[in-house]
Amino acid sequence: MGSSALPLILLLMSLIHAGLTQERSKPVVKVTPDQRVFIGETVTLTCDIQGGGNIQWIYWFKAGYNYNPYRTTTTAEFSFRADYVYYSGKYSCRGERSDSQRSDISAAVTLTVSDLPTSTLTVTPDSPVFTGETVNLKCVIESYSDWRYDWYKGTNRVMLQTSDHYTVSRHTLTIRGVITSDQGQYWCKGQRDERPKSSQSSFAVHLSVKDLPTSTLTVTPDSPVFTGETVKLTCVIESYSNWRQRNGLTYDPRYDWTPDWRYEWYKGTDRVMLQTSDRYTVNRDTLTIRGATEFDQGHYWCRGQRDKRPSSSQSSSAVSFTVMGLPTSNMTVTPQTVFTEETVNLTCVIESYSNWRYEWYKGTNNSVMLQTSDHYTVNRDTLTIRGATESDQDQYWCRGQRDERPSSSQESKQMYLSVHVSASSSSSSSLPVIAVVVLLSVFLLIFISLLLLWRYKKNKDQQRNVNQTSDPNQSAEFQMENFPLQSADCDHIYDAVTEVNKRHKDDPETFSEITYSEVTVQKKIPVDKDDTTAESNEVTYSEVRTKVKKCKRKGADAGVCDAVYAQPTRKKGP
C-alpha cells in the first residue's frame, strides 16, 4: 500500500469513531414510587437507555461506593424492599452491550427512605390493674389519618380479635373484667389504604394484673341455725400489707385500703344484694339477721367497695347455713279429769337434746311464768299442783331452756285444765243453802202461827158473839171440834179449830167455816223386809187449806163447811 492510502485509512477510522460516539446516549434513572418512600415499602429503580441497542448488563451505582458497581442486573429494573433508612441515597446506572460497548453513566437520582408514622400505646388505669377492672389501651398515631388499628399481645405478637372480652372502638382496645391471664406485653399499629399503608408498631407496654384483696365470710353460730336465733355474718378483707407481700409490691399509699371499705352482702344463686331492714342490720363488717326463719337459709357472699383503686375486693366464697325448727315440746296432764283438792301433774316432754330446764306458763294473752311455791312444785320435767282449786282452771303450756344450742325449745300447745268440784266439796257447799231453807221455813211457820193465833182470836170473838145471839138448842151441834186429820198412827200437833156458824135466814142449809193449823210428824211404820208392799211414809208437810165442811142439821141434808189449815209436810223417803 502506498503512502497515499494511509490518510484514507485514518479518515475512515475517524469517521467510524465519530459514528460510535454519536450513538452513545446517557441513561435516565426512574424511581417507583416517585414520591416519598417509607420504610418497608418496595422501591423499583428503572435504567432507561435510549437507543442503547441490545443491552446485556446494567450497572447500578450508589453514592459512597466510589463508582464501583453497587448492583449488576440483566434487566433495566432493580427492585428492593426499603426496610431501613440505610437505603436512602443517590442512585445512577450505566448500560453495556454484548459487544462490550458501554453507555454513559446516568445522572444520579436521590432516594429518601423515611420512617413510618410512629404509634404510641397508653394504658388506663395505670398498671398494675386489678382483676375485674376495665382496662383501656389507646393507640395514638400523630400524622396522617384514616387509620385502622391492629392489636398484638405477647412476645410472638398474636393479633387480638374482637370478642366479648376484647372490644375495639377506633383507636381504643377495651378489656372488660380483666383477669390474670390478660397480663403481658401489648403493641398496636395502624393500617390504611393510602401511602403510608401502615404505621410503625408501638413500643411494647406491659400490663400487670394483680388479684383484688380477698374477702372471707364467716357465720356465727355454726350451721345449723335454729329458728328465732340471731345470726351474724362477718366479712374479713385481706390487709394491704399482706396483699402487697403476696404480690411482691412495695408500699404505695394510693392502694392502702385499711380504713376505706364499705361492705355489700348478697344472697342466693342470683346474688341479690341485701338491704338493711328490721331483720337485716349492718355494722361495718357484720350483717346481723335477727329471728332467723327457714326463709333465711341459703348461700351468702360479701364484698368490699371503696372510692379509690382497687375499688372493690374479691367476692368471698359462698357460705351457706340451714335453719332448723326448735325441738318440739309436748305437755301431758295426769289425771285427765281433775277434781278440787286433787294433786295434778303436768309433764313437759322434749324428745331431742338434753340438759333441759323447764318453764311453765299459765294464761293466754298475758301468760305468767309459774314460780315454785307450796302450791306449785317442779321436779325436772313435771309441774305438780297440790290441792287443785277452781282458780287453777286455765290454759297451761311449757317450754325448755338450756345453756347449749339450741338454747330453747318450741312452746308446747296450750292445754286447758278443767277443775271439777268434788262431791264432798259439793255437799259442804250445799250446807249453807240447806241452812237458809230451814231458817226460812222456821220463819214461815212462825209467821203462819202468828197469823193463825190472830185468826183464832178473831174467830173466838166472833163465836162469843154468835153464842150470845144464837139458839141455845143448836149451839151444841156447832161447837168447835178438835180432831186429827191423819190416821191413828200419826202424832198430831195442831192448833185449835174454830167453827163458825153461818146461816142466812132464807138458807135452809147450815154450814161451818173452819180454819186450822196443824203440824204433823208422821210416825215411822216398821217395814218388814219380806213385805214388798210396805213402804215408809214419814211425812212432814205444811199446808194452808180452806175446806168447806158440810154441817148436818136435824132433818136436813148435810151442809157445807169451809176449812183453812196449815200443814208442814215431809215427803216420803226411800
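Residues: numbered from 1 along the sequence shown.
Using modelled atom types, no side-chain atom of Gln185 and backbone atom of Lys153 make a donor-acceptor pair closer than 3.5 Å. Listed for the Gln393 side chain is no donor-acceptor partner under 3.5 Å among the backbone atoms of Glu390. Gln414 places no side-chain N or O within donor-acceptor distance of the main-chain N or O of Tyr396, the cut-off being under 3.5 Å. Proximity of a side-chain donor or acceptor of Ser409 to a complementary backbone N or O of Gly400 within less than 3.5 Å is detected. A distance-only check finds a donor-acceptor pair linking the side chain of Ser199 to the backbone of Gly190 [under 3.5 Å].
Enclosure of atom CG in Asn156 by more than 12 non-hydrogen atoms of other residues, nucleotides or ligands within 6.0 angstrom is indicated. Remark: Gln56 CD is packed, more than 12 non-hydrogen atoms of other residues, nucleotides or ligands lying under 6.0 Å away. Atom CZ of Phe295 sits in a sparse spot, with 12 or fewer heavy atoms from other residues, nucleotides or ligands closer than 6.0 Å. Environment of CZ in Arg386: sparse, with no more than 12 heavy atoms of neighbouring residues, nucleotides or ligands closer than 6.0 Å. The 12-atom threshold is not exceeded at NE2 of His299, counting heavy atoms of other residues, nucleotides or ligands nearer than 6.0 Å.
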Could you walk me through whether Tyr300 and Phe321 pass the ring pair (Phe, Tyr, Trp, His ring centres under 6.0 Å) check?
CA-CA 9 Å; Tyr300 288 82; Phe321 63 86; 5.2 Å; yes
Before you tell me yes or no, could you show the steps for Tyr91 and Phe61 under ring pair (Phe, Tyr, Trp, His ring centres under 6.0 Å), namely the whole-Å CA-CA distance, both residues' side-chain angles and the distance that decides it to 0.1 Å?
CA-CA 6 Å; Tyr91 290 85; Phe61 302 92; over 10 Å; no
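Between Ser198 and Leu116 the shortest side-chain heavy-atom distance falls below 4.5 Å. Using a 4.5 Å cut-off on side-chain heavy atoms (C-beta onward), Leu326 and Ser408 make contact. In this structure the side chain of Thr118 never reaches within 4.5 angstrom of the side chain of Ile141, judged on heavy atoms. Using a 4.5 Å heavy-atom cutoff, the side chains of Trp265 and Leu233 are in contact. Val319 places none of its side-chain heavy atoms less than 4.5 Å from the side chain of Thr218. Side-chain contact between Tyr358 and Cys398: absent, with no pair of heavy atoms (C-beta onward) separated by less than 4.5 Å. Contact check for Val231 versus Asp296: no side-chain heavy atoms found under the 4.5 Å cut-off. Looking at Ile58 and Arg94, their side chains never come closer than 4.5 Å, going by heavy atoms from C-beta outward.
In this structure, Tyr376 and Lys362 approach most closely via the heavy-atom pair OH-NZ, 3.9 Å. Counting all heavy atoms, side chain and backbone alike, Asp182 lies closest to Leu207 at O-CD2, 3.7 Å. Scanning both residues, Leu346 and Met331, for their nearest heavy atoms gives CD2-SD, 3.9 Å.
Here salt bridge (charged side-chain N to carboxylate O under 4.0 Å, His left out) pairs that include residues 115-130, with residues two or more places apart or in two chains, number zero. Within the structure, disulfide (SG to SG under 2.5 Å) pairs that include any residue of residues 225-280 comprise Cys235-Cys302 (at least two apart or interchain).
The aromatic rings of Tyr144 and Trp147 sit perpendicular to each other, their planes meeting at more than 60°, with 30° as the lower class boundary.
Only one option out of Arg246, Arg244, Lys210 pairs with Glu238 in a salt bridge (charged side-chain N to carboxylate O under 4.0 Å, His left out); it is Arg246. Each of Ser313, Ser317, Ser315, Ser312 was compared with Ser215 under the side-chain hydrogen bond (donor to acceptor under 3.5 Å, both in side chains) criterion, and only Ser313 meets it. Tested against Ser79 for a side-chain contact (heavy atoms from CB on, under 4.5 Å), the candidates Val43, Thr32, Thr44 yield a single pass: Thr44.
Residues Arg195 and Glu41 are paired through a salt bridge, judged by an N-O separation under 4.0 Å between the basic side chain and the carboxylate. Asp307 has a carboxylate O that lies under 4.0 Å from a charged side-chain N of Arg262, or vice versa, which qualifies the two as a salt bridge. With respect to the salt-bridge test (charged N to carboxylate O, under 4.0 angstrom), the residues Glu229 and Arg405 qualify. A salt bridge does not link Lys26 with Asp104: none of the charged nitrogens is closer than 4.0 Å to a carboxylate oxygen.
Under the 6.0 Å distance and 45° angle rule, Lys62 counts as a cation-pi partner of Tyr86.
Going from atom CD1 of Ile385 over to atom CG of Asp392 covers 5.0 Å, rounded to the nearest 0.5 Å. Atom SG of Cys93 and atom CD1 of Ile49 lie 5.5 Å apart (nearest 0.5 Å). Distance check, rounded to the nearest 0.5 Å: CD of Gln200 to CH2 of Trp187 gives 15.0 Å.
For Asn330, the side chain to side chain contact (heavy atoms under 4.5 Å, CB included) test picks out Thr328, with sequence neighbours left out.
Side-chain atoms of Asn136 and Thr172 include no donor-acceptor pair closer than 3.5 Å. Between the side chains of Thr75 and Thr73, no donor-acceptor pair is found at a separation under 3.5 Å. Of the N and O atoms on the side chains of Ser412 and Ser329, not one donor lies less than 3.5 Å from an acceptor on the other residue. A donor and an acceptor atom, one from each side chain of Asn345 and Thr382, are nowhere located under 3.5 Å apart.
Ring to ring, Tyr240 and Tyr251 are close: their centroids are under 6.0 angstrom apart. The aromatic ring centroids of Tyr361 and Trp397 lie less than 6.0 Å from each other. For Phe130 and Tyr255, the gap between ring centers is short of 6.0 Å.
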